[in-house]
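Remember, it's 1-based here, ligands and their atoms both numbered in the order they're listed. Only this structure's heavy atoms are used, side chains among them; waters, hydrogens and symmetry mates stay out.
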Amino acid sequence: MSKLKIAELFYSIQGEGRYMGVPSVFLRTFGCNFKCAGFGMPKGELSEEANNIDATKYNDYKMLPLVSTGCDSYASWDPRFKDLSPMLETDSIVDSIMEMLPHNRWMEEHLVITGGEPLLGWQRSYVDLLSNEKMKGLQELTFETNGTQSLQQDLKIYLQQWGINRSRGAITFSVSPKLSISGEKWEEAICPEIVYEYSQVGRTYLKFVVANRQDVEEAQEAVNQYRNRGFRGHVYLMPCGGVESLYNMNAKTVALEAMRLGWRFSDRLQVPLFKNEWGT
Ligand code: SF4
């Protein structure tokens with residue numbers, strides 16, 4: 001049986017994108033190919049906030065400080081916190097999921113596999129996880145990804161069949177490509193070929209985290225590249241800000257930009273509802 005290194009496993013309301021408001025189980029895997037230290041910082045500067053946390057003081061993921069700059073799920077990939085994320089067998093993960101579902105079985109809830117970058121290292125294990133008998137009732141599944149990791153053949157074939165056995169649009173790839181606001185490099189972050197590949201397996205949309213007009217112009221350039229490769233899905237703009245003060249500063253500007261371009265606006269409901277705490 002295969003294993004997954006799990007940073008978080010929790011039940012909440014999906015706060016972003018297509019499934020905003022839907023009760024969801026979140027499976028947050030450990031590991032990411034990016035750092036995204038630019039979020040919330042003046043252009044060109046990188047956050048040191050997470051780096052300044054003394055990892056030796058914490059033995060429980062939920063007790064870690066929240067950050068207002070950089071990646072708000074830093075502990076899901078920073079090697080200094082890796083021991084807070086247990087390696088679990090897929091059967092044991094499924095049992096935990098059943099316990100947290102309100103009816104102890106899948107009803108209307110949806111599963112979000114997120115990260116870190118969930119398609120980085122665990123693709124084989126998802127086949128085991130989803131094949132578990134108790135997961136048969138699951139009808140809708142989202143991968144929240146940064147859009148840089150190709151699908152392995154085994155997973156691709158499995159997901160195509162999984163989707164065929166369910167209603168249209170059962171599988172979603174929520175792709176959040178990293179613009180320069182993240183501090184990551186364009187050539188590593190914008191991968192049209194890979195996003196096109198996802199769109200051949202499940203419903204795929206782009207969700208850009210932006211703060212101002214300049215970020216939106218970059219998003220337009222990226223969308224052009226994705227469209228030129230054949231991507232036909234929806235585009236969302238989502239305000240930068242894992243804390244309310246930053247989020248509130250950006251939200252209206254971003255909503256107006258989404259209206260101007262005829263794109264969708266994504267909220268981040270976990271910020272006003274739960275202050276973006278761990279497990280929300
Ligand atoms: S891709 Fe996502 S998880 Fe990875 S560093 Fe960036 S914001 Fe964090």
Checklist entry - Do K178 and E184 meet the salt-bridge criterion of a basic N to acidic O distance under 4.0 Å? => result no
Next on the checklist: With a 4.0 Å cut-off on N to O distance, would you call K134 and D95 a salt bridge?
Outcome noted: yes
Next on the checklist: Under 6.0 Å from the ring centre and within 45 degrees of the ring axis: does the NZ or CZ of K207 meet both conditions for the six-membered ring of Y236?
Outcome noted: no
Next on the checklist: Do R166 and W162 form a cation-pi contact, if we require the NZ or CZ to be under 6.0 Å from the six-membered ring centre and within 45 degrees of the ring's axis?
Outcome noted: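 Positive - R166 is close enough to the ring of W162 and near enough to its axis.
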Checklist entry - What class does the angle between the rings of F208 and Y226 fall in, given that below 30° is parallel, 30 to 60° is tilted and above 60° is perpendicular? => result tilted
Next on the checklist: Does E133 have more than 12 heavy atoms from other residues, nucleotides or ligands lying within 6.0 Å of its CD?
Outcome noted: no
Item to check | Protein N, O or S within less than 2.8 Å of atom 4 (Fe) of ligand 1, waters excluded | outcome: C32 SG
